[in-house]
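Worksheet: one structure, shown below.
When reading the values below, keep in mind they use all heavy atoms of this one structure, side chains included, and skip hydrogens, waters and symmetry mates.
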Amino acid sequence: MMPMNRILLVDDDTVTNMLHRRVIERSGQALSVEVATDGQQALDVLSADMASHRPFPEVVLLDINMPGMGGFEFLENYATIPKPSAPQMIIVMLSTSLLEADQARVKADPNVYGFCEKPLRSETFMELAAIFHERNKGKMNSP
């Protein structure tokens, strides 16, 4: 599998971001890992991508509970912005919360691929990378 260009971690916890970055970097499946500490920063990253005609990150790992703009508020705002045609970005909600209401809300959002419990494990990330590549066969640009 060819590595993805960019992964965006959206979480306010520094230690969690360091752990997730390590898991992703050790996988060899991403050329770049970026961090946003809340939903607004993540939207700013995507806005900058659109303004510079740069592709969106291939995978966004989005925490549910953050101060400022949380994961669900990010999704509400994300739903209103134009999306690039390819490759298709995968958004995965990450949380220690196993509340049924949160899981139901994640399942109901068409922009979210799924829900993973924190911390992200290397096996889980490799599954996400494989899913991304399968969903985007023929759409990926060569480097």
Side-chain angles (χ1 to χ4, degrees), residues 1-81 83-84 86-137 139-143:
M1 267 189 298
M2 205 165 108
M4 293 173 274
N5 290 314
R6 295 170 60 213
I7 306 292
L8 179 61
L9 303 176
V10 186
D11 197 313
D12 62 306
D13 186 73
T14 305
V15 174
T16 298
N17 286 327
M18 287 176 23
L19 174 66
H20 291 171
R21 179 186 294 270
R22 186 175 308 139
V23 165
I24 293 164
E25 288 175 348
R26 285 185 177 169
S27 77
Q29 290 300 307
L31 299 176
S32 171
V33 179
E34 298 174 30
V35 174
T37 56
D38 68 15
Q40 185 58 57
Q41 274 190 3
L43 289 171
D44 292 345
V45 167
L46 299 181
S47 294
D49 289 346
M50 286 188 295
S52 65
H53 304 288
R54 182 169 79 157
F56 280 180
E58 284 90 343
V59 174
V60 174
L61 300 174
L62 180 65
D63 187 24
I64 290 178
N65 298 310
M66 294 176 281
M69 182 185 290
F72 288 120
E73 292 81 13
F74 166 85
L75 291 171
E76 290 168 10
N77 286 278
Y78 174 75
T80 67
I81 63 174
K83 312 298 184 289
Q88 183 178 358
M89 184 169 77
I90 294 177
I91 299 174
V92 176
M93 299 293 280
L94 293 175
S95 184
T96 54
S97 166
L98 294 176
L99 297 175
E100 285 184 34
D102 285 346
Q103 290 185 36
R105 200 167 168 190
V106 166
K107 287 179 185 175
D109 192 310
N111 291 309
V112 179
Y113 173 76
F115 182 91
C116 291
E117 194 172 347
K118 284 199 305 192
L120 179 67
R121 296 184 353 230
S122 58
E123 299 83 16
T124 304
F125 181 73
M126 292 302 289
E127 289 171 15
L128 292 173
I131 290 163
F132 172 81
H133 287 293
E134 183 62 32
R135 289 176 78 182
N136 290 290
K137 273 187 184 170
K139 295 182 191 175
M140 298 286 291
N141 295 329
S142 297

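- Checking Val92, Leu94, Val106, Leu75 one by one against Leu62, the side chain to side chain contact (heavy atoms under 4.5 Å, CB included) holds for a single residue, Leu75.
- Across all their heavy atoms, Asp38 and Met66 have their closest contact at CA-SD, 3.7 Å.
- Distance CG/Leu9 to OG1/Thr16: 10.0 Å, rounded to 0.5 Å.
- Tested against Met93 for a side chain to side chain contact (heavy atoms under 4.5 Å, CB included), the candidates Val10, Ile64, Asp109 yield a single pass: Ile64.
- Looking at heavy atoms from C-beta onward, Leu61 lies in side-chain contact with Ile24 at the 4.5 angstrom threshold.
- The shortest non-hydrogen separation linking Ser27 to Met126 is CB-SD, 3.6 Å.
- Not counting sequence neighbours, the partners of Asp49 by the side-chain contact (heavy atoms from CB on, under 4.5 Å) test are Arg6, Val45, Leu46, Arg54, Phe56, Pro57.
- Residues Pro3 and Gly28 share a closest heavy-atom pair of CB-O, 3.6 Å.
- The nearest pair of heavy atoms linking Ala30 to Ile7 is CB-CG1, 3.4 Å.
- When all heavy atoms of Met2 and Gln29 are compared, the closest pair comes out as O-OE1, 4.1 Å.
- Going from atom OG1 of Thr80 over to atom CG of Leu43 covers 8.0 Å, rounded to the nearest 0.5 Å.
- Remark: Glu25 pairs with Arg21 by the salt bridge (charged side-chain N to carboxylate O under 4.0 Å, His left out) rule, at least two apart or across chains.
- When the shell of 6.0 Å around CD of Glu100 is examined, it contains 12 or fewer heavy atoms from other residues, nucleotides or ligands.
- Asp44 and Gln40 share a donor-acceptor pair across their side chains, judged by distance under 3.5 Å alone.
- Checking side-chain atoms of Ser52 against main-chain N and O of Ala48 turns up a donor-acceptor pair under 3.5 Å.
- Side-chain atoms of Glu73 do not come within 3.5 Å of backbone N or O of Met69 as any donor-acceptor pair.
- When all heavy atoms of Glu58 and Asn5 are compared, the closest pair comes out as OE2-N, 3.0 Å.
- Once rounded to the nearest 0.5 Å, the distance linking CG of Leu19 with CZ of Arg121 reads 12.0 Å.
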Under 3.5 Å, side-chain donor or acceptor atoms of residues 112-119 against the rest of the protein: list the pairs with distances, not counting sequence neighbours.
{"from": "Lys118", "atom 1": "NZ", "to": "Asp11", "atom 2": "OD2", "distance (Å)": "2.8"}
{"from": "Lys118", "atom 1": "NZ", "to": "Asp63", "atom 2": "OD1", "distance (Å)": "3.3"}

